[in-house]
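Heads up, the thing below is written out as structure tokens.
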Amino acid sequence: MPFFKSNVERDFETLQSKLSDRDAKIETLQTQIRLLNDQIASYEHQPESVEVIHKVGGKKNNVGGENLNTSPNKMMENSGSVSNGSSRNNSQIYQSDKDKERIEELENENQELKMKIIECETLIFSSQQRFKRTEDSLNQELSLSETKSNELENQLEYHKSIIKRLEERDKSKENVEKYQKEIEVLRQDRNFMQEQVESLVGGLESLRIDNERLKKENIEMSESLNAINLKKEDAEFQAIHTRSALQADEDRKFQEKYGLPPTEFVVTYYSCLSDKMLAGYMYITPKFVVFDTYVRVGDNYKAIQIKDITAIDKTKLGFLPGKGADLIIHTQLMSLTLRRLLMRKECVKDIMQQAHNMGHHIVSMRVGKEVEDEN
């Protein structure tokens with residue numbers, strides 16, 4: 001569309017340039033006319049006047065009774081009237097040859113100027129007519145160009161709509177192919193997911209079977225654990241109630257001395273030294289380990305619940321030969337160091353046995369490293 005518009009604009013600009021040239025010519029002619037008018041005016045207003053002396057009624061008059069400042073037409077009329085009067089009255093006219101020649105020259109120039117003015121006016125009129133015709137033709141051509149431009153615009157819009165529809169159709173084809181590929185991919189994904197679902201369903205079924213089996217095992221283990229707890233309680237009850245009255249009295253004093261519950265009694269004890277080299281005993285009850293020195297210096301005993309013991313470390317402190325006879329009992333909050341346990345193996349075994357009876361696990365260590373239970 002811009003191509004067709006540019007052609008029309010170029011044609012219009014060409015016609016405008018032609019009109020501008022004609023306007024310039026018209027202005028030039030008008031300028032020439034003004035110059036000719038100025039020249040005529042200069043001739044009319046010359047200071048010299050041609051006097052024609054005649055005797056008509058005893059008066060001395062100019063040509064026609066007027067000066068040559070009038071127009072050349074009047075001069076011609078006056079000259080004619082003078083000649084007629086002179087012929088009628090047979091009067092003698094005195095004039096110089098030089099004035100005659102001047103008058104004739106002025107008359108000729110006047111006639112020429114008139115002819116030029118007429119020609120210029122005719123040329124101006126014809127130029128105006130041509131300009132009008134040219135303007136009308138330009139307007140017609142411009143209207144035709146606009147009509148043609150509108151038709152071309154409509155055709156261009158129509159072709160654009162066709163191209164757009166074709167592009168949409170091609171795009172729709174591409175989209176269809178793209179969607180078909182995506183559908184194929186989704187179909188493959190669906191098949192893969194279906195296979196995974198089937199495998200998961202199979203795994204879920206096996207997990208359901210395992211869950212049922214574990215539930216049964218859990219129930220059985222719970223029942224066996226309850227039975228073990230019942231046996232344990234029965235054993236503790238029997239151990240408490242089968243002790244003699246003298247032992248019961250000793251147990252009560254032991255419980256009061258170290259602030260233990262009434263179910264505790266001394267299972268066994270071992271002589272040893274504290275970390276400060278104070279001699280004493282380590283007592284093992286069903287749920288506690290208690291260390292106390294021979295000489296009581298305030299409340300310097302230590303009672304540790306077996307369920308709080310995390311590890312037992314068999315160490316060697318000092319320079320004595322052999323594997324050593326020292327022991328460190330670790331909990332989350334403290335550590336109890338015992339030395340010179342001559343029966344260290346049996347002591348550790350008894351603590352482990354009481355922990356096992358409670359269902360508690362204690363890590364066995366040797367010099368800071370975990371080892372398998374050597375008991």
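Because the structure is a prediction, the values reported are computed rather than measured. Note that the numbering runs from 1 along the sequence shown for the chain.
- No path of Ile, Leu, Val, Met, Phe, Trp and Tyr side chains, each step under 4.5 Å between heavy atoms, connects V197 with L207, placing them in separate hydrophobic clusters.
- Note that CD1 of I163 is 8.5 Å distant from OG of S161, once rounded to the nearest 0.5 Å.
- The two residues A311 and M365 have their closest heavy-atom pair at CB-SD, 3.7 Å.
- Hydrophobic clustering (side-chain heavy atoms under 4.5 Å, transitive across Ile, Leu, Val, Met, Phe, Trp, Tyr) groups Y301 together with V266.
- The side-chain heavy atoms of I312 and I351, taken from C-beta on, include a pair separated by under 4.5 Å.
- I284 and C347 get closest at one heavy-atom pair: CD1-O, 4.0 Å.
- Between the side chains of Y281 and D292, no donor N or O sits under 3.5 Å from an acceptor N or O.
- The line from CE of M343 to CG of D350 is 8.5 Å long, rounded to the nearest 0.5 Å.
- Between D308 atom CG and I329 atom CD1 the span is 12.0 Å, to the nearest 0.5 Å.
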* Asked: Could you walk me through whether R208 and E205 pass the salt bridge (charged side-chain N to carboxylate O under 4.0 Å, His left out) check?
  -> CA-CA 5 Å; R208 190 179 290 112; E205 187 64 26; 2.7 Å; yes

* What do the steps show when you test T268 against Y270 for side-chain contact (heavy atoms from CB on, under 4.5 Å), and what is the final call? -> CA-CA 7 Å; T268 184; Y270 298 93; 3.9 Å; yes

Taking only distance into account, with no hydrogens and no angle test, what donor-acceptor pairs under 3.5 Å do side-chain atoms of residues 177-194 form with protein atoms, sequence neighbours excluded?
unit_1 : atom_1 : unit_2 : atom_2 : d
E184   : OE1    : R187   : NH1    : 2.8
N191   : ND2    : R187   : O      : 3.2

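- K302 places none of its side-chain heavy atoms less than 4.5 Å from the side chain of V290.
- Under the 4.5 Å side-chain heavy-atom criterion for ILVMFWY residues, no single connected hydrophobic cluster contains both L341 and M277.
- In this structure, P286 and V267 have side chains that are in contact, with non-hydrogen atoms separated by less than 4.5 Å.
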* Assess whether side-chain contact (heavy atoms from CB on, under 4.5 Å) is satisfied between I306 and M358, documenting all intermediate values. => CA-CA 9 Å; I306 294 175; M358 295 172 62; 4.1 Å; yes

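- In this structure, K160 and K164 have side chains that are not in contact, with every pair of non-hydrogen atoms separated by 4.5 Å or more.
- Under 4.0 Å is where a charged nitrogen must lie from a carboxylate oxygen, and between D326 and R344 no such pair does.
- A 4.5 Å side-chain heavy-atom check between I304 and M334 finds at least one atom pair inside the cut-off.
- Residues S364 and M352 have side chains in contact (heavy-atom distance under 4.5 Å, counting atoms from C-beta outward).
- The structure places CG of L123 at 13.5 Å from CD1 of I118, a figure rounded to the nearest 0.5 Å.
- In this model, a donor atom of one side chain and an acceptor atom of the other lie less than 3.5 Å apart for S335 and H330.
- Ring geometry for Y283 versus Y258: interplanar angle of 30 to 60°, hence tilted.
- Distance check: E153 CD to K148 NZ gives 13.5 Å after rounding to the nearest 0.5 Å.
- Between K253 and D249 there is a salt bridge, with a side-chain nitrogen of the basic residue lying less than 4.0 Å from a carboxylate oxygen of the acidic one.
- Contact annotation: the side chain of M282 approaches that of V289 to within less than 4.5 Å [non-hydrogen atoms, C-beta and beyond].
- What you find for I309 and I362 is that their closest heavy atoms are O-CG1, 3.7 Å.
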* Between K349 and Q353, is a side-chain contact (heavy atoms from CB on, under 4.5 Å) present by the stated rule, with each step listed? -> CA-CA 6 Å; K349 183 177 180 181; Q353 183 61 44; 5.7 Å; no

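- At a threshold of 4.5 Å between side-chain heavy atoms, the hydrophobic network of Ile, Leu, Val, Met, Phe, Trp and Tyr places F254 and Y294 in one connected group.
- The minimum heavy-atom distance linking Q305 with F288 is given by the pair CG-CE2, 3.2 Å.
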Show me the donor-acceptor pairs within less than 3.5 Å that the side chains of residues 211-223 make with the rest of the protein, sequence neighbours left out.
unit_1 : atom_1 : unit_2 : atom_2 : d
R213   : NH1    : E217   : OE2    : 3.0
S222   : OG     : N218   : O      : 2.8

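- Here the straight-line distance linking atom CD1 of I328 with atom CG of D313 works out to 5.5 Å at 0.5 Å rounding.
- Contact between C272 and F291 at its shortest, heavy atoms only, is SG-CE1, 3.4 Å.
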* Determine, step by step, whether T285 and F265 satisfy the side-chain contact (heavy atoms from CB on, under 4.5 Å) criterion, reporting the C-alpha distance in whole Å, the side-chain angles of both residues, the deciding distance to 0.1 Å, and the verdict. => CA-CA 5 Å; T285 70; F265 60 91; over 6 Å; no

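- Proximity of a side-chain donor or acceptor of E264 to a complementary backbone N or O of K287 within less than 3.5 Å is detected.
- Contact detail for Q255 and T263: the closest heavy-atom pair is NE2-N, 4.2 Å.
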